[in-house]
There are 2 protein chains.
Amino acid sequence: MLQEKTPIVSQAVIRRLPIYLRYLQQLHLDEVDTVSSQEMGQDLDINPAQIRKDLAYFGEFGRKGIGYSVPYLIEKIRQILKLDRSLPVALVGAGHLGIALSNYSRLRQAELAIAAIFDKDPQKIGTKIAELVVEPIDRLESRVRELGIRIGIVAVPAAEAQAVVDRMVGAGILGILNFAPTTLRVPGEVHIRYSDVTSELQALAYYVE
Amino acid sequence: MLQEKTPIVSQAVIRRLPIYLRYLQQLHLDEVDTVSSQEMGQDLDINPAQIRKDLAYFGEFGRKGIGYSVPYLIEKIRQILKLDRSLPVALVGAGHLGIALSNYSRLRQAELAIAAIFDKDPQKIGTKIAELVVEPIDRLESRVRELGIRIGIVAVPAAEAQAVVDRMVGAGILGILNFAPTTLRVPGEVHIRYSDVTSELQALAYYVE
DNA sequence: TAGATTGTTAATCGATTAACAATC
DNA sequence: TAGATTGTTAATCGATTAACAATC
């Protein structure tokens, strides 16, 4: 039986893989067959040695003297990131941002479709957003189990975010993308990523003038 | 005349300052007067030594044996990040995301109000979003100069993003937050930050199950 | 074959953390 | 004063980059 190798790879590496994937998919559309780490590095502004090292954590995907096969590398990165299967996502918060995310077609293409939307506001519950009906937050646990959801998006106000995350964790969600502008507490086995436009712009402000 | 100290501080440090600020502002609302790096570290999940070091790049803001004055530290971080003045922001792209961003009230509070919205779609030009009228993209340069804008947000499809960024740079914008799922080319003096929900979720997928 | 490019080791660089004197 | 906590130096850790043998 084949024992899957699972080396401990740093988060920095994992976060570059989607960038590589996106780039390779564009090359594929442009009917490019082969690419070298040098070309990739030039286009993505990343050191070629780093690209080779990142990929080499997971196998020998290239050919010496030739480079990487674009379709093959796409397939491999999709496997590594587990994008070779459908990964339904739960969204909590049907405000402006939640609606924008629901309508974002790129997620569906990436096998990361939002599969259920929750809100606590009775005015929003029952309304339709991008073919999904907004469900009451109390339904979260049962729906997450039903749909086999492992990834959640938090798009509620900061004050409500920790409670939402606690429920997500309780329901078995293991990866969370948080848009609420607050630091959240999750157990060690749960991965959380933060996205905050205000913080990003505030950091940019430092460099301006 | 006081010569402003401008040490070269790493981007990692600058990106933590908005997190500190957000946290301190919450403490201030809760009427907390003083905080130690240890307390901050516990709440933000950041090593206390790192917090002290980050702050010490910019001055001696704390008091030995006591900690940091919350209102004073807020003031200082706002000065460092240049948030003690109004920083108008240009938004290009009046789609779902652009609309969500325009309606996001936290930016206004943070002195980072979106001051002008541009789109190339004649159907969108002239419509009102959050008290602003969508302007034609050709107006970008003149409006940026008129309003003294230094920061831009790109919320257009990937295929159009580079052209938009080129115009922004030409108009004198120095900091860009890009939501388009593509790597962009900017001159060295321009700072660019990327935000891509798809990439974030794809990276999370790796850690799930 | 000659030229190109990978995979990988070793060197470098930079960021994080520990430790502690200074001092409130 | 005694206890607490900063600012800062030194130690550690981890990530990036250079270099090159292997090989297509």
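Below, read A as the first sequence line, B as the second, and so on, with proteins coming before strands; counting in each chain starts at 1.
- Minimum atom distance to the side chain of B/Arg63 is reached by C/dC24, of the listed C/dC24, D/dT6, D/dT8.
- When distances run from any side-chain atom of B/Gln50 to the nucleotides D/dT8, C/dT17, C/dT8, the shortest one goes to C/dT17.
- When the side-chain nitrogen and oxygen atoms of A/Tyr68 are compared with OP1 and OP2 of C/dG7, one or more of them lie within a distance under 4.0 Å.
- Separating the CD1 atom of A/Ile14 from the P atom of D/dA15 is a distance of 12 Å, rounded to the nearest angstrom.
- If A/Val35 and B/Gly65 are placed on DNA chain C by their nearest nucleotide, the residue sitting closer to the 5' end is A/Val35.
- Listed candidates were D/dA15, C/dT5, D/dT17. Nearest to the side chain of A/Ser10 is D/dA15.
- For the OP1/OP2 pair of C/dA15 and a distance below 4.0 Å, the side-chain nitrogens and oxygens of B/Arg15 include no atom meeting the criterion.
- Distance OH (A/Tyr57) to C1' (C/dT6): 16 Å, rounded to an integer number of Å.
- Listed here is the closest heavy atom pair of B/Leu147 and B/Ala116: CD1-CB, 4.2 Å.
- Listed nucleotides C/dT17, D/dT16, D/dG7 differ in distance to B/Asn47; the shortest reach to its side chain belongs to C/dT17.
- In this model, the phosphate group of C/dT5 is not approached by any side-chain N or O of A/Ser37 to a distance below 4.0 Å at OP1 or OP2.
- Remark: C1' of C/dT8 and CZ of A/Phe61 are 15 Å apart, rounded to the nearest angstrom.
- When both pairing distances are held under 3.5 Å, C/dT9 makes a Watson-Crick or G-U pair with D/dA18.
- One distance of note links CG of A/Leu91 with CD1 of A/Ile114; it measures 5.0 Å at 0.5 Å rounding.
- Rounded to whole Å, the distance from CD1 on A/Ile51 to P on C/dT5 is 13 Å.
- In the set C/dA19, D/dT6, C/dA10, C/dA10 carries the atom at the smallest distance from any side-chain atom of A/Lys53.
- Which of C/dT17, D/dT23, C/dA22 sits closest to the side chain of A/Lys64 comes down to D/dT23.
- What separates CZ of A/Arg16 from C1' of D/dT16 is a distance of 8 Å, to the nearest Å.
- Pairing each heavy atom of A/Ile77 with each of A/Leu17, the nearest pair is CG2-O, 3.9 Å.
- In this structure, B/Ser199 and A/Pro18 approach most closely via the heavy-atom pair O-CG, 3.6 Å.
- Using modelled atom types, no side-chain atom of A/Arg193 and backbone atom of B/Leu204 make a donor-acceptor pair closer than 3.5 Å.
- For B/Met40 and D/dA4, the CE to P distance is 20 Å, given to the nearest whole Å.
- For the side chain to side chain contact (heavy atoms under 4.5 Å, CB included) criterion with A/Val165, the lone passing option out of A/Val190, A/Val186, A/Val156, A/Asn178 is A/Val186.
- The partner of D/dA4 is C/dT23, by the rule that a Watson-Crick or G-U pair needs both atom distances under 3.5 Å.
- Heavy atoms of B/Arg52 sit under 4.0 angstrom from at least one base atom.
- Rounded to an integer number of Å, the gap from CD of B/Gln42 to C1' of D/dT5 is 14 Å.
- Between the CD atom of B/Glu60 and the C1' atom of C/dC24 there is a distance of 13 Å, rounded to whole Å.
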